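Here the structure is a predicted model, which is why all the values come from computation and not from measurement. Below, each value reflects all heavy atoms present in this structure, side chains not excepted, and no hydrogens, waters or symmetry copies.
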Amino acid sequence: MARLLIVHHTPSPSAQSMLESVLEGARNEDIEGVEVATRPALGAAAPDVLAADAVILGTPANIGYMSGALKHFFDTVYYPCLTDTTGLPYALYVHGNSDTTGAVRAVESIAKGMGWERHRPPVTAVGEIGRAEGEACWELGAVTALAALEQAERAGKG
């Protein structure tokens, strides 16, 4: 079975709304053969990443950067996962009150350094989460679950 790992820092109602939409898409009943594992960024560890066929990262934009919790996640998994997760598909969603540019840039820089491959452009939202943002997050979850399935099949797991 394929495994989609969702690593998130969800300190606000807006970030929670985005996470819930991502989860709804990832757990879509039309997608079979994908286990969805959700971990708070401060609780996710290298074994979670090593077992994943794709990863979705979720963070607020804090002071022009990703959250400290997501940075801690990367600090924790970087070296243990560096050589074994090359080519891992990943996706990103970010919520900010005024801007998300720095957070997106930071996450993409680290993911690129790990050899991960961005599966889709990030979903970003500033301010209130509306229907369009919710739908974009749902789609991000669903499409990345399918990417996990494809990755597992390539690895001979499916």
Here the side chain to side chain donor-acceptor pair (under 3.5 Å) pairs for residues 121-133, sequence neighbours left out, are Arg131-Glu135
Can you tell if the side chain of Asp99 reaches within under 4.5 Å of the side chain of Val126, non-hydrogen atoms only?
no
What verdict does the side chain to side chain contact (heavy atoms under 4.5 Å, CB included) test give for Phe74 and Met114, after you've listed the backbone C-alpha separation in whole Å, the side-chain angles of each residue and the deciding distance to 0.1 Å?
CA-CA 10 Å; Phe74 279 125; Met114 292 184 74; 4.0 Å; yes
So, for Val34 and Ala145, which heavy atoms are closest and what is the spacing to 0.1 Å?
CG2-O, 3.5 Å
Considering only distance and modelled atom types, tabulate donor-acceptor pairs under 3.5 Å from the side chains of residues 38-61, sequence neighbours left out.
from	atom 1	to	atom 2	distance (Å)
Arg39	NE	Asp48	OD1	3.2
Asp48	OD2	Ala45	N	2.9
Asp53	OD1	Lys157	NZ	2.8
Asp53	OD2	Arg3	N	2.9
Thr59	OG1	Ser67	N	2.9
Thr59	OG1	Ser67	OG	3.2

Which heavy-atom pair separates Met1 from Gly33 by the least distance, and what is that distance?
CG-O, 3.3 Å
Check: Thr144 side chain, Leu140 main-chain N or O, donor-acceptor pair, under 3.5 Å:
yes
Any Lys/Arg nitrogen of Arg120 or Glu139 sitting under 4.0 Å from an Asp/Glu carboxylate oxygen of the other?
yes
Quick check: does any side chain N or O of Ser12 sit under 3.5 Å from a backbone N or O of Ala15, one acting as donor and the other as acceptor?
yes
I'd like to check Met66 versus Asn62 (side-chain heavy atoms, cut-off strictly below 4.5 Å). Are they in contact?
no
May I ask you to test the Tyr65-Arg105 pair for a side-chain heavy-atom distance under 4.5 Å?
no
Under 3.5 Å donor-acceptor pairs involving side-chain atoms of residues 78-94, not counting sequence neighbours:
from	atom 1	to	atom 2	distance (Å)
Thr85	OG1	Cys81	O	2.7
Thr85	OG1	Trp116	NE1	2.9

Side-chain heavy atoms nearer than 4.5 Å, only ILVMFWY residues, links allowed to pass through others: does that put Val143 and Val123 together?
no
First locate atom SG of Cys137, then atom CG of Leu23, and finally report the distance between them rounded to the nearest 0.5 Å.
10.5 Å
If you take all heavy atoms of Ile6 and Ala26, which pair is closest and at what distance?
CD1-CB, 4.4 Å
What one should report as the nearest heavy-atom pair of Arg118 and Pro122 is NH1-CD, 3.7 Å
Distance check, rounded to the nearest 0.5 Å: Glu20 atom CD versus Ile129 atom CD1?
11.5 Å
What distance do Leu70 atom CG and His8 atom NE2 have between them, rounded to the nearest 0.5 Å?
11.0 Å
Using 0.5 Å steps for rounding, measure from the CD atom of Gln151 to the CG atom of Leu4.
12.0 Å
Tell me the closest heavy-atom pair linking His95 and Thr100, and the distance in Å.
C-CG2, 4.1 Å
